[in-house]
Amino acid sequence: MFSRQAMARILITSALPYINGIKHLGNLVGSQLPADLYARYCRARGHEVMFICATDEHGTPAELAAAKAGQPVAEYCAEMHGVQADLARGFGLSFDHFGRSSSPQNHRLTQHMAGRLAEAGLIEEVAEAQVYSPADGRFLPDRYITGTCPACGYENARGDQCENCTKQLDPTDLINPRSAISGATDLEVRRTKHLFLRQSALRDRLDAWIDSQRGWPVLTTSIAKKWLHDGDGLQDRGITRDLDWGIPVRRGTQDWPGMEGKVFYVWFDAPIEYIAATAEWAEAQGLPEDAWRRWWRRDQGAEDVRYVQFMGKDNVPFHTLSFPATLMGADHDGTEPWKLVDYIKSFNYLNYDGGQFSTSQGRGIFMDQALAILPSDYWRWWLLSHAPESADSEFTWENFQASVNKDLADVLGNFVSRVTKFCRARFGEALPEGGAWGAQETALATALGARIAAYEGHMEAIEIRKAAAELRAIWVLGNEYLQEAAPWATIKTDPERAAVQVRVGLNLIRLYAVLSRPFIPDAVETMMAAMGCADWSWPEDAGAALEGLAPGHGFSVPEVLFRKITDEERAGWAEQFAGSRG
RNA sequence: GGGCCUGUAGCUCAAUUGGUUAGAGCAGAGCGCUCAUAACGCUUUGGUUGGGGGUUCGAGUCCCUCCGGGCCUACCA
């Protein structure tokens, strides 16, 4: 953890959303949104932040989605990248760069990494038999082959596992196998050669590295340990595929004999894109190479960088094992010390109303639909305050309505409303003059100081739900103070006392805007604008923060910050989203 | 089959890693306030911590067992 005041350099990456379609809220809360929360908090504390994300564009599903859309895959990916970038902006995701794994930078770097791994003796060529479909003109991944399960007779068993009896299968086990893509039955087995990353050779080193980490989520370490020690231990992993769309297999800048026409597998090139996207950023900014290297190379400035990754639990094996193995292997001779991750924040899944969110079945709420219904802050607040940190969690419309209405509209929004409207009615649209602090104000400052410290602690530990709960408690303090101070009563007997109370109330609005910014970045802009203030400095001292806006400072009454969700709307949306996506 | 996670108030979640009387928010009940988006504040009801057994001075926490929910199991990403 970084200490108070000290400026740190924080590198943050969110797992890359796959290019195949618009992401649902479960995807969003599992990586990009919490990463954004943390990035915004770190910036607010004055740290230097590099927040990177990108679309993950390679692989069979991308090719199939493009074919379905009737587009060339490159065109499809370019278009979908634009769509995802727009939606990311819509949700306020504050990436420093939102790149593409298909970028020239990633091509170069992925090929470079492969070359370094080959030099290190960590790449092995393996010849294997794979199912080829002449009708589709492609090799078929195991689960794109369906047929009758030899164990239970289920007719739509997939080539990797029968969904009916859960038996693990080999595609050649299937009776009457056919292509899941075209239905073609003229499948044949062909020999093909692939590169394997010899992760097994790095097992002990990876194991020791995992052991040396402190405070990682149980979810992260338990998945890593399972893969390291289960069965025969960490298995080598194929890093190439027989596809057209991807990064051509090259050994650095050299051709790789025998690998013509093959591309790297997405799970090799996708994490490397974290680095390449930073290079994309530098180029886009017109900055030289060392601008990105100082984030990624320990010999070129990254020694003091703290690197934090965010991802759903399905991504953990790649980030705890494969990617570190790639970076360790690339530094086999000590000349390329790449920055390894310092903290991996992993998430469970968000379910939707009794089942899973499903991209393929169109079940649940997708990012574009969410924004069409309500502003992003409503979603950000609910998703973050219910982030699936300790277990899978569930979205229900009732819960969403209750949280939005109570937390945002009543506790925070109404606070802003009652303070500004009272002041305007009794003192006019400027902070009133006169009066001095009493015991109530001092007590408020003390309580705020304690809660802000707790909030900071939770944010730095990336305990998101706890941070949200603490922030809400900070909002509540304002209502408690007003109730006790009762300026509507004191103004009748002691107007100067009421003036002090109203000043404190108005200053609380600015304080809340600053503290709440990582969660609800749009609404706090409205709050700050209403306060006529542009000072976003973090409250190092709560008492001082309550006197930041001076007597005489003008303000205005903002529009309703958060409207309530009605029962009719809730019922309508529940109905609308029950079935599959339009 | 194997492994991991999980089960705490009607609902969503805590519980400083074995330490006093298991705590919050929402929902419910009562009271107060009238500045405010019929909002806010205070008080309060509600738990055999899934069942059973064990270790211990002491168990929500550790062990065994049974029951329920979920995830992973390496070619979807």
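Naming convention: chains lettered A, B, ... in sequence-line order (proteins, then strands); numbering from 1 in each chain.
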Trainee: Sequence neighbours excluded, which residues qualify as salt bridge (Lys or Arg N to Asp or Glu O under 4.0 Å) partners of A:Glu125?
Mentor: A:Lys193
Trainee: Measure from the side chain of A:Tyr265, starting at C-beta and using heavy atoms only, and say which of B:A39, B:A77, B:G41 lies closest.
Mentor: B:A77
Trainee: Keeping to residues at least two apart or across chains, list the salt bridge (charged side-chain N to carboxylate O under 4.0 Å, His left out) pairs with something in residues 380-389 of chain A.
Mentor: A:Asp36-A:Arg380, A:Lys345-A:Glu389, A:Glu389-A:Arg465
Trainee: Can you tell which of B:C35, B:U37, B:C26 lies closest to the side chain of A:Lys406?
Mentor: B:C26
Trainee: Closest approach to the side chain of A:Glu480, judged atom by atom: which nucleotide of B:U37, B:G41, B:C72 is it?
Mentor: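 So the side chain of A:Glu480 is nearest to B:G41.
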Trainee: I need the CZ-C1' distance between A:Arg451 and B:G25, as an integer number of Å.
Mentor: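 Result: 12 Å.
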Trainee: Check every atom of B:U37, B:C72, B:C40 against the side chain of A:Asn479 and return the nucleotide holding the closest atom.
Mentor: B:C40
Trainee: Need one value for A:Glu484: base, sugar-phosphate or nothing, where a base atom within 4.0 Å counts as base even if backbone is also close, heavy atoms only.
Mentor: nothing
Trainee: Measure from CD1 on A:Ile491 to P on B:C35 and round the result to the nearest Å.
Mentor: 11 Å
Trainee: When you check every protein heavy atom under 4.0 Å of nucleotides 9-15 of chain B, what one-letter string (B, S, -) results, 5' to 3'?
Mentor: ---SSSS
Trainee: Given the C1' atoms of B:A9 and B:A15, what is the spacing between them in whole Å?
Mentor: 14 Å
Trainee: Can you find a pair of side-chain heavy atoms, one from A:Tyr265 and one from A:Leu243, that are under 4.5 Å apart?
Mentor: no
Trainee: What is the distance from CH2 of A:Trp475 to P of B:A24, rounded to the nearest Å?
Mentor: 20 Å
Trainee: Is the base of B:U34 syn or anti, if syn means a glycosidic angle within 90° of 0?
Mentor: anti
Trainee: Do we see a donor-acceptor contact under 3.5 Å between the side chains of A:Ser200 and A:Asp236?
Mentor: yes
Trainee: Rounding to an integer number of Å, can you tell me how far A:Ile565 CD1 sits from B:A39 C1'?
Mentor: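 The distance from CD1 of A:Ile565 to C1' of B:A39 comes to 17 Å, rounded to the nearest Å.
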Trainee: So what does A:Leu219 touch, heavy atoms closer than 4.0 Å: a base, only the sugar-phosphate, or nothing?
Mentor: nothing
Trainee: Give a yes/no verdict on base stacking between B:C35 and A:Phe422: centres under 5.5 Å, planes within less than 30° of parallel.
Mentor: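 Whether judged by distance or by angle, A:Phe422 falls short somewhere, so it does not stack on the base of B:C35.
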Trainee: So A:Val560, base contact, sugar-phosphate only, or nothing? Heavy-atom distance under 4.0 Å.
Mentor: base
Trainee: May I have the distance from A:Ile509 (atom CD1) to B:C40 (atom P), rounded to whole angstrom?
Mentor: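 Rounded to whole Å, this separation is 16 Å.
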Trainee: Nearest to the side chain of A:Trp227, heavy atoms from C-beta on, is which of B:C35, B:A77, B:C72?
Mentor: B:C72
Trainee: Quick one: do the A:Thr320 and A:Lys225 side chains pair a donor with an acceptor below 3.5 Å?
Mentor: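 No, no side-chain donor-acceptor contact under 3.5 Å.
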Trainee: Considering every strand and a 4.0 Å limit on heavy-atom distances, what is the contact class for A:Phe139: base, sugar-phosphate, or nothing?
Mentor: nothing
Trainee: What's the NZ-C1' distance between A:Lys226 and B:U73, to the nearest Å?
Mentor: 5 Å
Trainee: Determine the interatomic distance between C1' on B:U8 and the same-named atom on B:G60; round to the nearest Å.
Mentor: 7 Å
Trainee: State whether A:Lys421 places a side-chain N or O below 4.0 Å from either non-bridging phosphate oxygen (OP1 or OP2) of B:U37.
Mentor: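 For A:Lys421, the contact criterion (side-chain N or O under 4.0 Å from OP1 or OP2 of B:U37) is met.
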Trainee: With C1' as the reference atom in both, quote the distance from B:U49 to B:U61 in angstrom, rounded to an integer.
Mentor: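 To the nearest whole Å, 10 Å.
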Trainee: Quantified in whole Å, what is the C1' atom distance between nucleotide B:C66 and nucleotide B:U56?
Mentor: 24 Å
Trainee: Determine the contact category for A:Glu128: base if any of its heavy atoms lies under 4.0 Å from a base atom, sugar-phosphate if only primed atoms, P, OP1 or OP2 are that close, otherwise nothing.
Mentor: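 The residue A:Glu128 makes base contact.
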Trainee: Round to a whole Å and report the spacing from CG of A:Asn414 to P of B:C33.
Mentor: 18 Å
Trainee: Quiz question: by atom type and distance under 3.5 Å, do the side chains of A:Arg570 and A:Gln401 form a donor-acceptor pair?
Mentor: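 Result is yes, a qualifying pair exists.
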Trainee: Taking ring pair (Phe, Tyr, Trp, His ring centres under 6.0 Å) as the definition, give me every residue that meets it alongside A:Phe519, ordered by chain and number, with sequence neighbours left out.
Mentor: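 Ring pair (Phe, Tyr, Trp, His ring centres under 6.0 Å) list for A:Phe519, sorted by chain: A:Trp381.
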Trainee: Taking B:G58 as the reference, what is the distance to B:G54 when you measure between their P atoms (whole Å, please)?
Mentor: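 One P to the other, the span is 12 Å.
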Trainee: Which part of the nucleic acid, if any, lies within contact of A:Val476, taking any heavy atom under 4.0 Å across all strands shown: a base, the sugar-phosphate backbone alone, or nothing?
Mentor: sugar-phosphate
Trainee: If only side-chain N and O atoms of A:Arg472 are considered, is one of them under 4.0 Å from the OP1 or OP2 phosphate oxygen of B:A24?
Mentor: no
Trainee: Do A:Trp397 and A:Tyr352 have side-chain atoms, one donor and one acceptor, less than 3.5 Å apart?
Mentor: yes
Trainee: In the structure I gave you, are the side-chain heavy atoms of A:Val189 and A:Gln130 within less than 4.5 Å of one another anywhere?
Mentor: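 Not in contact.
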Trainee: Measure CD/A:Gln483 against P/B:C40 and give the value in whole Å, please.
Mentor: 11 Å
Trainee: Aromatic rings A:Phe400 and A:Trp379: how do their planes relate, parallel, tilted or perpendicular, breaks at 30° and 60°?
Mentor: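 Parallel.
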Trainee: Pairs of donor and acceptor atoms involving the side chains of residues 471-484 of chain A, under 3.5 Å and at least two apart or interchain, shall be tabulated with distances.
Mentor:
residue: A:Arg472; atom: NE; partner: A:Asp407; partner atom: OD1; Å: 2.6
residue: A:Arg472; atom: NH2; partner: A:Asp407; partner atom: OD1; Å: 3.3
residue: A:Trp475; atom: NE1; partner: A:Ser516; partner atom: OG; Å: 3.0
residue: A:Asn479; atom: OD1; partner: A:Arg418; partner atom: NH1; Å: 2.8
residue: A:Asn479; atom: ND2; partner: A:Val411; partner atom: O; Å: 3.1
residue: A:Tyr481; atom: OH; partner: A:Glu441; partner atom: OE2; Å: 2.5

Trainee: Classify A:Gly233 by what it touches in the nucleic acid, base, sugar-phosphate, or nothing, heavy-atom distance under 4.0 Å.
Mentor: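 The residue A:Gly233 makes base contact.
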Trainee: From the options B:U34, B:A77, B:U37, select the nucleotide whose nearest atom is closest to the side chain of A:Pro61.
Mentor: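 For the A:Pro61 side chain, the nearest candidate turns out to be B:A77.
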Trainee: Between B:U6 and B:C63, how far apart are the two P atoms, rounded to whole Å?
Mentor: 12 Å
Trainee: If you write RNA chain B from 5' to 3' in dot-bracket form, with Watson-Crick or G-U pairs under 3.5 Å, [ ] for crossing pairs and | for pairs with another strand, what do you get?
Mentor: (((((((..((((.....[...)))).(((((.......))))).....(((((..]....))))))))))))....
Trainee: Please give the distance between the C1' atoms of B:G18 and B:U55 as a whole number of Å.
Mentor: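 Taking atom C1' in both B:G18 and B:U55, they lie 12 Å apart.
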Trainee: Is the distance from OP1 or OP2 of B:C40 to the nearest side-chain N or O of A:Tyr481 less than 4.0 Å?
Mentor: no
Trainee: Between B:U37, B:A77, B:C33, spot the one nearest the side chain of A:Asp56, thanks.
Mentor: B:A77
Trainee: Side chains of A:Gln213 and A:Thr221: do they bring a donor and an acceptor to under 3.5 Å?
Mentor: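 No, A:Thr221 and A:Gln213 have no side-chain donor paired with an acceptor closer than 3.5 Å.
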Trainee: Between B:G70 and B:C31, how many Å separate the two P atoms, rounded to a whole number?
Mentor: 44 Å
